[in-house]
2 protein chains.
Amino acid sequence: MAEQLFLSADGRLRDTWRTAFPAARAQRPAEPLVGDVLVWVLVAPGEKAARQIAALRQRGVAQPLIVLADEPGEDDALAALTAGASGYCNSHAAPEVLSQVATVVGNGGLWVGQGLMQRLLAGAARLLPPNPSDGWADTLTEREREVAHAIARGASNKEVARELAITERTVKAHVGAILEKLGARDRLQLSLIVNGVESSR
Amino acid sequence: MAEQLFLSADGRLRDTWRTAFPAARAQRPAEPLVGDVLVWVLVAPGEKAARQIAALRQRGVAQPLIVLADEPGEDDALAALTAGASGYCNSHAAPEVLSQVATVVGNGGLWVGQGLMQRLLAGAARLLPPNPSDGWADTLTEREREVAHAIARGASNKEVARELAITERTVKAHVGAILEKLGARDRLQLSLIVNGVESSR
DNA sequence: CAGCCTGTTGTACTTCGGTACAGTAGGCGC
DNA sequence: GCGCCTACTGTACCGAAGTACAACAGGCTG
């Protein structure tokens, strides 16, 4: 498993964290982050988790980020996740919970608490019907549709490759075929078509 | 790790499944489920995953259930998850993916896939007050807003330059500032924000 | 006035996206 | 069997996009 790195204002570990991960390290948020680590970000009361996540991402931090909130809130969690966090949990959570979160996130998952997940499902279930029978997908093969969707979400070629377990070269081949079939100039115009923006469709 | 048990109509394993889990077992859905196992439920084309999940739960099955869809769909996934599934993925997914799903679910997580998660977050974000994407223009200057709109329409730097009667270099400067302010990685993600794909719309 | 923001432009550089040549392999229909 | 489609991969190239150093002018504010 990857190493655990905790970011807290005083650069120190709490007892529960060390219990969960005896080998954990800690440092101040401003210091550079290196290595293949899971990054836990302590968010103090009154601070916005999403802000700190966004700030770290802007600094080029690519590692998975997990929010440890002193005062957890579902809205705060939601904002943090949309800002690119991979998990959100109570900073005083039990060591066993932290360990589970680490496992899930370390394997590419997102950790969202039970309550929030239910809320997400409830929220999304409400807008279930919107299933437009798009005409753009008609001429595409199955694989091309998968790629088109990923691109339209904003994924890079490298990300699509990882997602579909193929090489970046193959992704490029699919993208080229898609652009040709849809008459799009580049991936951005492709996304406009797939997302149904403006005149297309 | 817990054992893997696959439920398919013919009670047989597919190659990719065995590759991912050499020790996996398979059986027909009707047979009783016993032991501490992860249960993978194959859903054939045209069938509803949520139905099969609900049926299993009614039979008293308490183990984690993961849907393997021959024809995956986000709506189907959503319904399956609300019905109590712990995961949902393509039945033809690569062994590495299956293995990841198993790890995540085996540790108490939910596996939902990138696309669906984004939709969930988008759906929930819409229901709840602080919608950051509505105010994307707030921090931008007048000129930056003009550039942002053009980019979001799919214009290239060269086209924007011609349109605004400035050099391509200046467009790049504006784009760079916009990306930083909005926390976007590239012009495609910028367009998603401006066009409200992942939030309002 | 000094300092800050906005808008503008320059050179040089790296990374990413897209294309142009390929090639292999499996499935399907005639 | 032969062609065709689909999926996948390779090397190489070019241009677009984005970043890292800048610089300069004008307007506004303490």
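Proteins come first, then strands; the chains are lettered A, B, ... in the order of their sequence lines, and each starts at number 1. Please read all numbers here as calculations on a predicted model, not as lab measurements.
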Problem - Pairs flagged by salt bridge (Lys or Arg N to Asp or Glu O under 4.0 Å) wherever residues 18-27 of chain A is involved - sequence neighbours left out - result: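 Qualifying pairs, neighbours excluded: A/Glu3-A/Arg25, A/Asp15-A/Arg18.
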Handout entry: Derivation of the side-chain contact (heavy atoms from CB on, under 4.5 Å) call for A/Arg153 and A/Asn195
Key = CA-CA 9 Å; A/Arg153 294 198 325 259; A/Asn195 290 319; over 6 Å; no
Under 3.5 Å donor-acceptor pairs involving side-chain atoms of residues 60-72 of chain A, not counting sequence neighbours:
{"from": "A/Gln63", "atom 1": "NE2", "to": "A/Gly35", "atom 2": "O", "distance (Å)": "2.9"}
{"from": "A/Asp70", "atom 1": "OD1", "to": "A/Arg14", "atom 2": "NH1", "distance (Å)": "3.4"}
{"from": "A/Asp70", "atom 1": "OD1", "to": "A/Arg14", "atom 2": "NH2", "distance (Å)": "3.1"}
{"from": "A/Asp70", "atom 1": "OD1", "to": "A/Ser91", "atom 2": "OG", "distance (Å)": "2.5"}

Practice task
Please check the phosphate of D/dC8 (OP1 and OP2 only) for any side-chain N or O of A/Thr167 closer than 4.0 Å.
Solution key: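 Answer is no, no contact under 4.0 Å.
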Exercise for the section: Compare all side-chain heavy atoms of B/Val39 with those of B/Gln4 and state whether any distance is below 4.5 angstrom. Expected result: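 In short, these two side chains do not touch, never coming nearer than 4.5 Å.
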Practice task
Considering only NZ, NE, NH1 and NH2 on the basic side and carboxylate oxygens on the acidic side, decide whether A/Arg162 and A/Glu168 come within less than 4.0 Å.
Solution key: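 Judged by the 4.0 Å cut-off on N to carboxylate O distance, A/Arg162 and A/Glu168 do not form a salt bridge.
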Problem - Nearest-0.5 Å distance, CG of residue A/Leu7 to CD of residue A/Gln52 - result: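 CD of A/Gln52 is found 9.0 Å from CG of A/Leu7.
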Exercise for the section: To the nearest 0.5 angstrom, please state how far the SG atom of A/Cys89 sits from the CH2 atom of A/Trp111. Expected result: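 Between atom SG of A/Cys89 and atom CH2 of A/Trp111 there are 8.0 Å.
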Handout entry: Bending between helix ends of the helix from C/dC1-D/dG30 to C/dC30-D/dG1 [5 pairs per end, 10° resolution]
Key =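 Comparing the axis at each end, I get an angle of 30°.
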Are there any protein N/O atoms within less than 3.5 Å of an N/O atom in nucleotides 5-7 of chain D, and if so, which ones and at what distance?
{"from": "D/dA7", "atom 1": "OP1", "to": "A/Arg143", "atom 2": "N", "distance (Å)": "3.3"}
{"from": "D/dA7", "atom 1": "OP2", "to": "A/Thr141", "atom 2": "OG1", "distance (Å)": "2.5"}

Practice task
In whole angstrom, give the distance that lies between atom CG of B/Leu164 and atom C1' of C/dT9.
Solution key: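 After rounding, the gap between these two atoms is 15 Å.
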Handout entry: B/Trp40: partners by ring-ring contact (aromatic ring centres under 6.0 Å, His included), with sequence neighbours left out
Key =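 With neighbours one apart ignored, the set is B/Phe6, B/Phe21.
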Handout entry: Expected output: side-chain B/Glu180 to main-chain B/Gly176 donor-acceptor under 3.5 Å
Key =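 The answer is no, because no donor-acceptor pair under 3.5 Å joins these two groups.
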Exercise for the section: Run the numbers on B/Arg187 and B/Asn157 for side-chain hydrogen bond (donor to acceptor under 3.5 Å, both in side chains), then give the verdict. Expected result: CA-CA 10 Å; B/Arg187 60 208 295 115; B/Asn157 286 342; 3.1 Å; yes
Fill in the blank from the handout: Contact string for nucleotides 14-30 of chain D, one letter per nucleotide 5' to 3', B = base within protein heavy-atom range under 4.0 Å, S = sugar-phosphate only, - = neither, reads --SBBSBB---------
